[in-house]
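Structure record follows, encoded as structure tokens.
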Number of protein chains: 2
Amino acid sequence: MSDKPTTIKEIAKILKISVSTVSRALNDHSSIGLTTKMRVKKLAAELNYEPNQKAIQFLQGKSHIIGVILPELSESFFSTAISGIEDVAYKRNYTVLLAQSHDDADREKLLVEKMKTQRVDGLLVSVSKTTSTYEHFEVFKKLNIPVVFFDRIPPIKDIHYVASNLENGTYEAVNFLLKKGHRTIGMINGPTTLVASHERKEGYIKAMISNRLKFDPSLIVSCDLSESGTIEVMNTMLNHRRKPTAIVTFNDYVALFAMRHTRSLELEGIDFVSYANLPIINYMDYTPIASVEQFPYKQGKKAADILIDLINRPKNETGTEQAYFNVVVESELIIPNPK
Amino acid sequence: MSDKPTTIKEIAKILKISVSTVSRALNDHSSIGLTTKMRVKKLAAELNYEPNQKAIQFLQGKSHIIGVILPELSESFFSTAISGIEDVAYKRNYTVLLAQSHDDADREKLLVEKMKTQRVDGLLVSVSKTTSTYEHFEVFKKLNIPVVFFDRIPPIKDIHYVASNLENGTYEAVNFLLKKGHRTIGMINGPTTLVASHERKEGYIKAMISNRLKFDPSLIVSCDLSESGTIEVMNTMLNHRRKPTAIVTFNDYVALFAMRHTRSLELEGIDFVSYANLPIINYMDYTPIASVEQFPYKQGKKAADILIDLINRPKNETGTEQAYFNVVVESELIIPNPK
DNA sequence: TAATTTTGCGCAAACGTTTGCTCACTGGTT
DNA sequence: AACCAGTGAGCAAACGTTTGCGCAAAATTA
């Protein structure tokens, strides 16, 4: 017993009606009588009937699967984002095919291929750090399979994406420090090539301007984000003719390195503000006094929603005048309750 | 152009041969002449033909998808494990359908349902903390869909599982502390209901015995793993007539709480050993001096391998004499290089 | 009562691929 | 000349479901 799953055919045979009637009855089609519907549904329930998704997907040419390619699940940003993606997907009756590129461009390419052969209905991508060409995504455009990028956006035109804007979060952060009385605020920024670095800088400058303070470019330093790199720029900062009393760091790791360094120099009283990456920050003894939140869950959710909308949009008229979704999730300064 | 993907039919029509010949040619069937094969393959390549997986899956009743249900991807154990799963899956031409239970038994149940309707070929599960009934997995047994549990194993019989054995890792840990000269070693253990707690305790006892030391049960305390709970049992320990000079903690969080507490009491010189959960431990100022590693990547890999083996095993003779895979991955003490 | 509409259901095609059979050749052996 | 084995290829069924179309019976209208 309980060998092969029940099919619509068996139900039809037992009830001595046609398969089409059974199908329509189960789908509440209007042309089926109430009594027949009831009979069919009752038997279907008894037999634990479940439609064979593969057959349906095959018939309709839809897999109801969305592919997700992201760099690293062990980065909490992504593991949180995937929760948002997952939740949306499940709510809208899609399932998530997951793959990590591990920040390897070649692997990413391969995964994109896999996604294609699996015939996903749509693709969600956060590109790897090492990806420098983007043709492998073009294929999907040709196949009319929507692709939505999130967080790590490739520098090309005509794409859908969801990203966070760090400018206003940074603005808030610097403003917060200024309100606290700081007048000399340093910033350990990332590589200047990153959009994210640029946004941070802009936010910093805007905050200074709106407070009618003059902006000193030498207080913003670039860093490779490693521990040694951080220590190096920290030393530069500390030897600056205007020694900062507060520092905004590129991320929590940099903040950690920097704070550790100041403690090793037995310097006290520098306030740090960082960008939220690590949940573990809650368990630390020394933490930044505030943090710019990027809402990864929300970003994932939004991206998935857009993707599924795109999948289900009415067939566009032969490709002309495509609209591209470019959503920006605003970042926000989070100030923890002081213990 | 590039509208719908190429099908085998179109190739057949162009070449004026039958679909079956095309199919066989592409699959290198022996009954097709070499010249025909070449012609077919050439054209297929030109047309960017790719077999429609959905059709094949439907035909063969196989989805080549394995479902993975685990509690929390933000726990590094799981995000590492999934990498192992993923790698195996991709190597063996399966794809991974991911879902998180967020340690919610109801959600887990729902996800299991989803996996069933998606007709996954197999299921990999690490059960949620709150799961107390296990019938929802029984369905799969009936459907002959293999289920492999990993790390968090339900306390029921006749299941496949991969888990880590913490006993020997704990043994090594305690041994290590003894070699370092400690004679009074405390252990902050988890709830006694957990298998994992039991294994830790056993390892502890074995180490003591093999060093011809007598085991003092009062040095092992149970804890709910919260911060307040940890502080409480730490106080008990510190007031013990034999104050421990080293403590083995249930996990890194507990270690963190405990270490923070001792520092707040300005106690120095207690050595801590923990179990590896947090990569971030590398960034901390105060860390355990050693850690028991559970090899999540390896566990995930192993579990996925077993699952796929099960999926592809020859049809077992009407269910009799099923063998169950119970694989134990040994844990291991990792002693970081002193800085 | 006849003509028309509505209601309820069945027939059969279609989706893309695989595979068991069948069949027509070709070449070689009696 | 008759037979057989082997080779190469086609026919058609099958997988489970949806859906356009058609058709009969029942209900409504004239």
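Chain naming here is simple, since letters A, B, ... match the order of the sequence lines and numbering starts at 1 in each.
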Q) Using a cut-off of less than 4.0 Å, is there contact between a side-chain N or O of B/S18 and OP1 or OP2 of D/dG10? A) yes
Q. Which of these, B/I11, B/L15, B/T36, sits in a side-chain contact (heavy atoms from CB on, under 4.5 Å) with B/V22?
A. B/I11
(Q) Under 4.0 Å between a side-chain nitrogen and a carboxylate oxygen: does that hold for B/D305 and B/K91? (A) no
(Q) Among residues at least two apart in sequence or on other chains, which ones pass side-chain hydrogen bond (donor to acceptor under 3.5 Å, both in side chains) with B/Q100? (A) A/S83, A/E86
Q: May I ask you to check whether B/S23 and B/S20 show a side-chain donor-acceptor distance below 3.5 Å?
A: no
**Q.** Atom-pair distance (CD1 on A/I17; C1' on C/dG8), nearest Å
**A.** 11 Å
Q. Taking atom types as modelled, is there a side-chain donor on B/E50 or A/T117 under 3.5 Å from an acceptor on the other?
A. no
Q: Provide, to the nearest angstrom, the distance between the NZ atom belonging to A/K54 and the P atom belonging to D/dT18.
A: 16 Å
Q: Measure the angle between the two terminal helix axes of the helix from C/dT1-D/dA30 to C/dT30-D/dA1, five base pairs each, and quote it to 10°.
A: 60°
Q | Test item: side-chain donor near acceptor, A/K114 and B/N93, under 3.5 Å | A | yes
Q) Should the pair A/H64 and A/Y94 be assigned to parallel (<30°), tilted (30 to 60°) or perpendicular (>60°) ring geometry? A) parallel
Q | By side-chain hydrogen bond (donor to acceptor under 3.5 Å, both in side chains) - contacts of B/S74 (at least two apart) | A | B/E72
Q. What is the nucleic acid contact for B/L59, judged by heavy atoms within less than 4.0 Å: base, sugar-phosphate only, or nothing?
A. base
Q: Using the closest heavy atom to pick a nucleotide of DNA chain D for each, name whichever of B/A55 or B/V19 lands nearer the 5' end.
A: B/V19
Q. Between C/dG16 atom P and B/K13 atom NZ, what is the distance in whole Å?
A. 11 Å
Q.
As an exercise, state the distance from OG of A/S101 to CZ of A/R107, rounded to the nearest 0.5 Å.
A. 8.0 Å
Q: Given side chain to side chain contact (heavy atoms under 4.5 Å, CB included), test A/Y297 with A/F77 step by step and report yes or no.
A: CA-CA 8 Å; A/Y297 180 88; A/F77 180 92; over 6 Å; no
Q.
Protein within reach of the bases, or only the backbone? For nucleotides 22-28 of chain D, mark each nucleotide 5' to 3' as B, S or -, using heavy atoms under 4.0 Å.
A. -------
Q | A/K13 with A/E10: basic N within carboxylate O range, under 4.0 Å | A | no
Q) Below 4.5 Å, heavy atoms only, C-beta onward: do A/F150 and A/H160 meet side chain to side chain? A) no
Q. Atom NE2 of B/H29 to atom P of C/dT18: distance rounded to whole Å?
A. 11 Å
Q.
Distance check needed: D/dT18 P versus A/D28 CG, whole Å only.
A. 12 Å
Q) What is the distance, rounded to the nearest whole Å, between atom CD of A/Q60 and atom P of C/dG16? A) 14 Å
Q) Any side-chain heavy-atom pair from B/P154 and B/I159 closer than 4.5 angstrom? A) yes
Q.
Regarding B/T7, tell me which of base, sugar-phosphate or nothing describes its non-hydrogen contacts under 4.0 Å with the strands shown.
A. sugar-phosphate
Q. Can a side chain N or O of A/S23 be found less than 4.0 Å away from OP1 or OP2 on D/dT18?
A. yes
Q. Do NZ/NE/NH1/NH2 and the carboxylate oxygens of B/K109 and B/D104 come within less than 4.0 Å?
A. no
Q. What string of B, S and - do you get for nucleotides 21-27 of chain C, 5' to 3', when a contact is any protein heavy atom under 4.0 Å?
A. -------
Q) Do A/F149 and A/Y161 have their ring centres less than 6.0 Å from each other? A) no
Q) Whole-Å distance between C/dC9 P and A/L26 CG? A) 13 Å
(Q) Pick the closest DNA chain D nucleotide for B/K16 and for B/R119 by heavy atoms, then say which residue is nearer the 5' end. (A) B/K16
(Q) Is there aromatic stacking of A/F58 on C/dC15 here, judged by a ring-centre distance under 5.5 Å and a plane angle under 30°? (A) yes
**Q.** For DNA chain D, the residues among residues 33-53 of chain B that have a non-hydrogen atom under 4.0 Å from it
**A.** B/G33, B/T36
Q: Take atom CD1 of B/I32 and atom P of D/dT7, then tell me their distance rounded to the nearest Å.
A: 13 Å
